Amino acid sequence: MTEQLIEFLRNRKGFISGEQISRSLGITRAGIWKRVNVLRQRGYLIEAVPSKGYKLLFGPDIPTKEEIKAVFKGDIIGREIVFYRTTSSTNDRAMEMGQLRRSVLARQYQHSSQQRMEGLEGTVIVADAQEQGRGRFGRDWVSPPGVNLYFTVLLEPPFAPERASILTLMAAVAVVSAIREHVGLNAVIKWPNDILVGNKKVGGILTEMKSDQDRINFVAVGIGLNVNMPSSMLPGNVRPHATSLKEEKGEYINRVKLLGVILAKLEHWYKNILKGKKKALLNEWMRLDSTSGKKVRVKSRNRIISGKAEGISDDGELIVRLFTGVVEKVHAGEVTILKDR
Ligand code: BTN
């Protein structure tokens, strides 16, 4: 109900009387007052004048469900939004939710219950801070409160596990194009999941999946983006290689608005993927990519190869022409761009 109240106040320019709110939302005057105080505690500035009613003066830049819903409404992405002030990791929460839904479905099937549980497709789990933010290869993801974006999108795409990497590419395209258009910084993608500005990392994507042999159960696409974090908050060993949008742009960036733009882009590309239209996404990826044409060393699970990056396959694998001339496709790995000698 606080969510409806904030939306109601947000859609009105001037004061709105308690009576009108009460009639429209079906809550008592005391109920309104209670909720106004809850919102105030969450950082909203709401003016209350006895003869006039209520007026919203300011909403905080915290990616709560209410704030996100005010800037973005999707058909698939963000149908459900779950916000945590602090959690261990939004990917952990997403994987738990996905598992829980599967066990409920399994039980329903056992008892042939008619009751249907809403799908989790498109659920966005956001946190203001993470206590155990995770990056790829078991690395930590620095996740202090009040400054960055940490969120995970739960998807249930009807395709085989080997095709899941397209979702990481989709996330990278969404984030990089949102940064370019909304912030005006020349962000680029480094295959498969790094978001760079000026050769330094500002964001990353951690895609985790639960699948059967031939079908994906669910995928958690976790996105971390350093938005307003000062470099001083980064550990010394990471500092030379990482940055934030604010550090690069030199001005504060509204987190909620940026998240709204990213979610809108995810919605656009995901709908295309579901319709089987991948070409435009792959073209966009190529446009935003910084890996192609460069000499690279790619470390994958069991080997290291070196050669020239020549783009990506339709399934998102990196195409590398080895120095011997042989062309290889790499499904997952870590890329180092080699300097030309
Ligand atoms: C990487 O570049 O190594 C991937 C970083 C991914 C970080 C995000 S923050 C939201 C989500 N929750 C996590 O614990 N990790 C991802």
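Owing to the predicted nature of the structure, the values given are computational and were not obtained by experimental measurement. Below, each value reflects all heavy atoms present in this structure, side chains not excepted, and no hydrogens, waters or symmetry copies. We count ligands from 1, going down the list as the structure has it; atoms in each ligand are counted the same way. For this chain, numbers begin at 1 and follow the sequence in order.
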Using a 4.0 Å heavy-atom cut-off, say whether Phe151 meets ligand 1 through its side chain, its backbone, both or neither. backbone
For a 4.5 angstrom cut-off between non-hydrogen side-chain atoms, does Ile27 reach Lys34? no
Under 3.5 Å between any N/O of Ser89 and any N/O of ligand 1: does that happen in this structure? yes
Under 4.0 Å from a heavy atom of Thr90: give me the atoms of ligand 1 that qualify, with their elements. 10 (C), 11 (C), 12 (N)
For Gly293 and Lys308, work out which heavy atoms get closest and say how close. O-CE, 3.7 Å
Only heavy atoms of Gly135, strictly under 4.0 Å: list the atoms of ligand 1 that pass. 1 (C), 3 (O), 4 (C), 5 (C)
Interatomic distance, Asp61 atom CG to Glu67 atom CD [nearest 0.5 angstrom]: 8.0 Å
Looking at ligand 1, does any of its N/O atoms fall within less than 3.5 Å of an N/O of Trp141? no
Heavy-atom nearest option to atom 2 (O) of ligand 1, drawn from Glu208, Lys201, Arg136: Lys201
Between Glu66 and Arg42, does any NZ, NE, NH1 or NH2 come within less than 4.0 Å of an OD or OE carboxylate oxygen? yes
Give the atoms of ligand 1, by number and element, whose distance to some non-hydrogen atom of Arg134 is under 4.0 Å. 5 (C), 6 (C), 7 (C), 13 (C), 14 (O), 15 (N), 16 (C)
For Asn193, the ligand 1 atoms whose distance to one of its heavy atoms is below 4.0 Å: 1 (C), 2 (O), 4 (C)
What's the shortest distance from atom 8 (C) of ligand 1 to any protein heavy atom, and which residue and atom give it? Gly224 N, 3.5 Å
Nearest 0.5 Å please: distance from the CG atom of Leu167 over to the CG atom of Leu281. 9.5 Å
Taking distance alone, with N or O pairs closer than 3.5 Å, would you say Thr152 contacts ligand 1? no
heavy-atom search around atom 12 (N) of ligand 1 in the protein gives Gln130 OE1, 2.9 Å
Going by an N to O cut-off under 4.0 Å, is there a salt bridge joining Glu181 and Lys265? yes
Numbering the atoms of ligand 1 from 1, which are under 4.0 Å from a heavy atom of Gly133? 14 (O)
Would you mind reporting whether Glu317 and Val330 have side-chain heavy atoms less than 4.5 Å apart? no
CG/Leu169 to CH2/Trp191 distance, rounded to the nearest 0.5 angstrom? 9.0 Å
